[in-house]
There are 2 protein chains.
Amino acid sequence: MKISTKGRYALRMMLDLALHNTGEYISLKDISQRQGITVKYLEQIVTVLAKAGFVHSQRGNNGGYRLARKPEDYTAGDILRVMEGNLQPIACLEADPNECARSAYCSVLPFWQGLGKVVNDYVDSVTLEELADQARFMAGNDYSI
Amino acid sequence: MKISTKGRYALRMMLDLALHNTGEYISLKDISQRQGITVKYLEQIVTVLAKAGFVHSQRGNNGGYRLARKPEDYTAGDILRVMEGNLQPIACLEADPNECARSAYCSVLPFWQGLGKVVNDYVDSVTLEELADQARFMAGNDYSI
DNA sequence: CTCAATTCCTATCATACAGGTATAATTTAT
DNA sequence: ATAAATTATACCTGTATGATAGGAATTGAG
């Protein structure tokens, strides 16, 4: 019952991009220094975010990444689901194909469905802009975090 | 972001005991047949439950396990936390010793704390008795599930 | 007392995933 | 051209998960 580092780091990376959302491209090197995550690991994470259309990339010198939309148009849930897959607590609640044989008469299923719902509702209630606001508030306008 | 089979099976096992809560001891063999889980795997799970004082065991012929308290005195959260550890979404939120170095100025921490709270509040809002009611309702008094 | 049922204890094993490193190819701005 | 950056791929190590298995110890019933 844990969020993996990929999901956590993705959130911090998107937050970093939101705090430096000037329109210019931000290099992974800069993000790496601010966040204390190796460039190599960030590459793996940002590749997924780019494929999902969450960030735009620019190759070459002065290249890097920037947000594809405005910070208020991402929820934390959007970002986490891209990295972690759906946020359902058990496999039975994912796509129907690999449906559990007991599902028709599984009396615990509604309980798990309820848990999946509160989790997804919560993470979708927080936007990237709100996280950025929180970061600016805590850092007193020092966006290095 | 998944509950492991240990947690899921523990819940089904406790539910099975609740549905057969006659005061007599229930053998793992019986539970195994009803739940489709091997006796050997059930042993591992019930050992944890017994150490936590959630079930009482009786050795020897006609031995087995029974609930230590009434079904309404367990929450699903009690059972899951015993098997899964605390249900916090990230390690930073566990015991203070291995505290993250960034925690003092981590602007994402409140978000994760909020997620941990909705998860724990939800699982603590459902009792074993309520799960048993649901099972009896769905099975029409056939407690085999 | 003995036997059978059952808990208890300790291994073992395969697989998957997490977390991270390394190397090299390709693209682009200047 | 060349430097900086992305992109792709492959590899590595450790740990957790999801089981299975063998056997010892305990107990109740006959």
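Side-chain atoms are counted along with the backbone in the values below, which use heavy atoms only and exclude waters and symmetry mates. Letters go in sequence order (proteins before strands), and every chain restarts at 1. Just so it is clear, the structure is predicted and the values come from calculations on it, not from any experiment.
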Is the closest side-chain donor-acceptor distance between A:Ser27 and A:Tyr65 under 3.5 Å? no
Between A:Thr5 and A:Tyr41, do the side chains contain an N or O donor and an N or O acceptor separated by less than 3.5 Å? yes
Can you tell me if B:Thr5 touches the phosphate of D:dG18, counting only side-chain N or O atoms and a distance under 4.0 Å to OP1 or OP2? yes
Would you call B:Glu129 and B:Arg136 a salt bridge, taking side-chain N to carboxylate O under 4.0 Å as the test? yes
For this output row, return yes or no: ring centroids of B:Tyr122 and A:Phe111 closer than 6.0 angstrom. yes
Which letters describe nucleotides 7-16 of chain C, given B = protein heavy atom under 4.0 Å from base, S = only from sugar-phosphate, - = neither? BBB-------
In whole angstroms, how far is the C1' atom of C:dA18 from the NZ atom of B:Lys2? 15 Å
Separation of A:Leu42 atom CG from D:dA5 atom P, in whole Å? 14 Å
Examine B:Leu128 and B:Tyr25 and state if one hydrophobic cluster contains both, with Ile, Leu, Val, Met, Phe, Trp and Tyr joined whenever side-chain heavy atoms are less than 4.5 Å apart. no
Is the shortest side-chain heavy-atom distance between A:Val118 and A:Leu115 below 4.5 Å? yes
Position toward the 5' end of DNA chain D (nearest nucleotide), B:Tyr9 or B:Asn62: B:Tyr9
A:Thr38 side chain: which of C:dG20, C:dT30, C:dT21 is closest? C:dT21
5'-most contact on DNA chain C: A:Ile37 or A:Asn61, nearest heavy atom basis? A:Ile37
